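Source: prediction; values computed, not measured. Lettering follows sequence order; numbering is per chain, from 1.
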Number of protein chains: 2
Amino acid sequence: MKDERLNRSVATKITQLIDEGIFPSGSRLPGERDLAEQFGVSRATIREAEITLQALGRLKIKTGSGVYVMKASDAKYGGIPAASAFELTQARLLFESEAAALAASVIGKEALDHLEYLVEKMALSSGDEADAADREFHLTVAAASENTVVRYIIETLWKIRNESGAVKDVYDSECEKYTAQRGDEHAEILDALRKHDSAAARTAMRNHFGRLMEAMLEVSEEQTYNEMRKKSVETRERFLKSV
Amino acid sequence: MKDERLNRSVATKITQLIDEGIFPSGSRLPGERDLAEQFGVSRATIREAEITLQALGRLKIKTGSGVYVMKASDAKYGGIPAASAFELTQARLLFESEAAALAASVIGKEALDHLEYLVEKMALSSGDEADAADREFHLTVAAASENTVVRYIIETLWKIRNESGAVKDVYDSECEKYTAQRGDEHAEILDALRKHDSAAARTAMRNHFGRLMEAMLEVSEEQTYNEMRKKSVETRERFLKSV
DNA sequence: ATACGGCATTGGTCATACCAAATAACACGA
DNA sequence: TCGTGTTATTTGGTATGACCAATGCCGTAT
């Protein structure tokens, strides 16, 4: 540990204690005053260390209550916003459609061939492999726009998907079901790009995400239904218990 | 900004100053003692805010020297790519137009009032002040979309502008000349949003950036005059084809 | 012109005090 | 007995003020 600054070394020490299980995930660690005494440093230093770890997503500081070890599942990515699957899909619908429209006017043979290969690959594979091909398909379209910023933004959108555990789960469950349909939609997009038809490419991409959103809404309704059902069962049990 | 903890709100304020270009990338910001006085808080609070931003990769603290704004290229996830002013403007044209269209359907009175205030402010002020109002106008529209991801993307686009010296220069020189026109364009956008007319909002925003791109291309042509003129025309065709 | 050394600046740490939020403890009334 | 509202304690949040250590500037001496 060659951390010169004390607050740094304290931060790494606390990190070690967490990793070693001394401070279990979700548990509350000693108060700042206690820790200061144990580590033999001032309370200010302890605070700075804890604040660092909070910014890194390892700790959660609750005013008046204490500081807790962040559960791994809740880990948040620095700078990436907490987004729902709906929000992300809506944003992708808007932005990727425009990216596709832009790409249609300038896309070259090389990119088109690669997209064709990816569409085939998606049809023949499944699971993670198909997912990777899907991702590459969209990124290839974005790259074909020949606009660095556009490509960067689309990449960022994908990053948001992967960094958000909740969003990823929803997407995964959706993709499983509609594999065939997804293939058709990608083929449609590819066709429009081949014809250098911007309007058609935009429409095809919008349809692609539009259908995904509808599917998600259905699931949402299903979940709502299940929750209501569960709640009614609970109510019923409570009622029976009191009788 | 409803960060209840002071150190948090200070951190976000500093972040804003960085994003707005007041603390340029790579520059050194005032000493902790000065900042404490400026913000009207204690030095400890300033330290905690700076430590947070350091952990997030936005600042670099050097003992005995000062604290510096982290260059974007050193940022965590793949740095902002070298983008030209053309690319950025084109991306903004595509994406901000869609954001405006989305916002039109759900924008509320509060946001509309704020936008009106900003349009007036832009008309009455100039230079940095007008620039800040311009930025806030676009970010307010994005926020009005009520989609976290959309807002985040628009913010990212603005960040790219500030972190790319070349792009910033081009924009500044353009904005100087077309102050009046810019006001009209913003007013048009605001009108469309008031009527909750998505299509009109999209069109108004596209015109806004479309005119900006043409202005930039004109300057580009002037500058490169003879030989580069041909290339300029090609670029122009390529960028405007999709519009 | 260069190398050395002192000095001002700036971050790093400590100690103490007080405030506000969250929580635990307790006394009270239905 | 069971809430329930009040009080006391714990815990984080902020403010001061002091001193240390690294850095960088600048004037001096070689």
Side-chain angles (χ1 to χ4, degrees), chain A residues 1-15 17-18 22-71 74 76 238 241-243, chain B residues 1-15 17-18 22-24 26-71 74:
Chain A
M1 255 180 275
K2 293 173 62 181
D3 293 317
E4 246 196 272
R5 292 161 291 248
L6 241 189
N7 65 57
R8 275 292 183 198
S9 74
V10 169
T12 63
K13 279 181 188 171
I14 293 178
T15 301
L17 292 176
I18 293 174
I22 314 267
F23 293 151
S25 180
S27 71
R28 172 174 167 269
L29 43 78
E32 297 178 346
R33 295 166 178 82
D34 291 337
L35 281 178
E37 195 176 359
Q38 287 180 222
F39 282 102
V41 299
S42 78
R43 195 185 149 207
T45 302
I46 294 290
R47 293 206 85 241
E48 292 178 351
E50 287 182 345
I51 285 177
T52 299
L53 294 180
Q54 184 191 37
L56 294 177
R58 307 245 9 185
L59 294 180
K60 172 70 180 175
I61 301 178
K62 293 176 136 184
T63 304
S65 174
V67 7
Y68 301 80
V69 179
M70 191 75 105
K71 281 169 291 186
D74 297 339
K76 50 182 167 181
R238 212 178 309 140
K241 198 181 288 179
S242 66
V243 174
Chain B
M1 312 163 221
K2 291 216 164 185
D3 297 313
E4 68 294 332
R5 289 166 292 251
L6 241 190
N7 66 57
R8 274 292 181 192
S9 73
V10 169
T12 64
K13 278 181 189 170
I14 293 178
T15 302
L17 292 177
I18 293 174
I22 313 258
F23 293 153
S27 71
R28 175 177 162 257
L29 42 77
E32 297 177 346
R33 295 165 178 84
D34 291 335
L35 281 179
E37 195 176 358
Q38 288 182 32
F39 281 103
V41 299
S42 77
R43 197 184 147 207
T45 301
I46 293 289
R47 279 188 59 74
E48 293 177 352
E50 287 182 346
I51 285 177
T52 299
L53 294 180
Q54 185 191 38
L56 294 178
R58 308 252 353 183
L59 294 181
K60 173 68 180 176
I61 301 178
K62 290 183 165 182
T63 304
S65 174
V67 6
Y68 302 80
V69 178
M70 193 74 108
K71 279 171 291 189
D74 300 338

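Side chains of I14(B) and R58(B) form no contact here, defined as non-hydrogen atoms less than 4.5 Å apart.
Counting to the nearest Å, the P atom of dG12(C) and the CZ atom of R43(B) are 8 Å from each other. Separating the CG atom of L35(A) from the C1' atom of dG12(D) is a distance of 12 Å, rounded to the nearest angstrom. If you take CZ of R5(A) and P of dG12(C), they are 6 Å apart, rounded to a whole angstrom. Rounded to a whole Å, the CG atom of L6(B) is 20 Å from the P atom of dC18(C). Between L29(A) atom CG and dT10(D) atom C1' there is a gap of 15 Å when expressed in whole angstrom units. Between the C1' atom of dT16(D) and the CD1 atom of I46(B) lies a distance of 15 Å, rounded to the nearest Å. When the C1' atom of dT14(D) is taken as reference, atom CD of E48(A) falls 13 Å away, rounded to whole Å. Distance K60(A) NZ to dA22(C) P: 12 Å, rounded to the nearest Å.
Checked against I46(A) for a side-chain contact (heavy atoms from CB on, under 4.5 Å), the options V67(A), V10(A), I51(A), D34(A) give a single hit: V10(A).
Here the side chain of T15(B) pairs a donor or acceptor atom with the backbone of A11(B) at under 3.5 angstrom. Side-chain atoms of S9(B) come within 3.5 Å of backbone N or O of L6(B) as a donor-acceptor pair. Checking side-chain atoms of T45(A) against main-chain N and O of V41(A) turns up no donor-acceptor pair under 3.5 Å. Side-chain atoms of R43(A) do not come within 3.5 Å of backbone N or O of L35(A) as any donor-acceptor pair.
We find the CD1-CZ distance between I61(B) and R5(A) to be 7.5 Å, quoted to the nearest 0.5 Å.
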Between the protein and nucleotides 4-10 of chain C, list every N/O to N/O distance that falls short of 3.5 Å.
residue : atom : partner : partner atom : Å
dT10(C) : OP1  : R28(B)  : NH2          : 3.1

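Regarding contacts with the backbone of dG12(C), every side-chain N or O of N7(A) stays at 4.0 angstrom or more from both OP1 and OP2. Between R47(A) and dG13(D), a side-chain N or O to OP1/OP2 separation shorter than 4.0 Å is present.
Comparing S42(A) and Y68(A) by the nucleotide of DNA chain C whose heavy atom lies nearest to each, the residue mapping closer to the 5' end is S42(A).
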